[in-house]
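I have placed the structure first, in the form of structure tokens, so that the comments after it can refer back to it.
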Amino acid sequence: MFDTDQNRNEKRQRINRVLFVVCTMLLLTGCYTFAANVAEARRVEALSDKVLRFHVIAKSDSADDQRRKLLVRDAVGQWMELKLQNAKDRTDCEQIIDENMDQICAVAEQTLTADGRPEQVRVQLADVEFPDKVYGDYTFPAGTYRALQIIIGEGGGHNWWCVLYPNLCFSSEGYDVTGDGTKEQLSQVLSAEEYQMLLREHRYHIKIRFLEKLFEK
């Protein structure tokens, strides 16, 4: 049976309807994704306005330079923990750091000299792009954060970072582990929505890692 003009027209109309539905769905999906990304970016920006990161960059990736990076982390971290214990917010933290830049640099350089090899150190407050970072039950999403940045020598090695304010760096339990007071600290600094975002990001992070493990098998 040959197609008549009417049959061909009906087929074209059906194809056009399908294409219209598909294009509409793609457009709506794109709009939703864009809106979700914009909303997420705003939430991350609001979060980054309230926290201060600590960022130490090693001179190189040699085992010794990586070890020395951690010496600087420990020495400056302990010094900063005392200095920032009464800080009221991120702005207060930045002011304290600004007022003590020379001392921070001196602590780092003295630590390296005492280790047997002097090294030039640069200290600055900088806007730094960070990936996702997990602290106990929380995941700080990737984004640009203000950071106390310490660069050892040429700064060509792998870096170490944490959240300096509120203090998720240093506790009786060690580095990168949230202590008992973490929930209270975060809830005082962040809004309820921002706090829940950290927990939601953490659950999302766990799911992704679970799927990655499945595919690795």
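Not counting sequence neighbours, the partners of V189 by the side chain to side chain contact (heavy atoms under 4.5 Å, CB included) test are K50, Y165, P166. Under the side-chain hydrogen bond (donor to acceptor under 3.5 Å, both in side chains) criterion, T111 pairs with no residue at all, not counting sequence neighbours. Not counting sequence neighbours, T113 has no partner by the side-chain hydrogen bond (donor to acceptor under 3.5 Å, both in side chains) test. In this structure, D89 has no salt bridge (charged side-chain N to carboxylate O under 4.0 Å, His left out) partners at least two apart in sequence or on a different chain. With sequence neighbours excluded, no residue forms a side-chain hydrogen bond (donor to acceptor under 3.5 Å, both in side chains) with D98. Under the rule for a salt bridge (charged side-chain N to carboxylate O under 4.0 Å, His left out), the partners of R90 that lie at least two apart in sequence or sit in another chain are E94. Shown here are the side-chain hydrogen bond (donor to acceptor under 3.5 Å, both in side chains) partners of R122, two or more places apart in sequence or in another chain: there are none. Residues forming a salt bridge (charged side-chain N to carboxylate O under 4.0 Å, His left out) with D92 (at least two apart in sequence, or on another chain): none.
Applying the salt bridge (Lys or Arg N to Asp or Glu O under 4.0 Å) test to residues at least two apart or on different chains, the pairs with a partner in residues 53-62 are K59-E119. Sorted pairs that involve residues 151-169 and meet salt bridge (Lys or Arg N to Asp or Glu O under 4.0 Å), not counting sequence neighbours, are lacking altogether. For residues 99-109, the pairs satisfying side chain to side chain donor-acceptor pair (under 3.5 Å) are Q95-E99, with sequence neighbours left out.
Residue I57 belongs to a hydrophobic cluster whose other members are I151, with links defined by side-chain heavy atoms closer than 4.5 Å.
Between the side chain of Q66 and the main chain of S60, a donor-acceptor pair closer than 3.5 Å is present.
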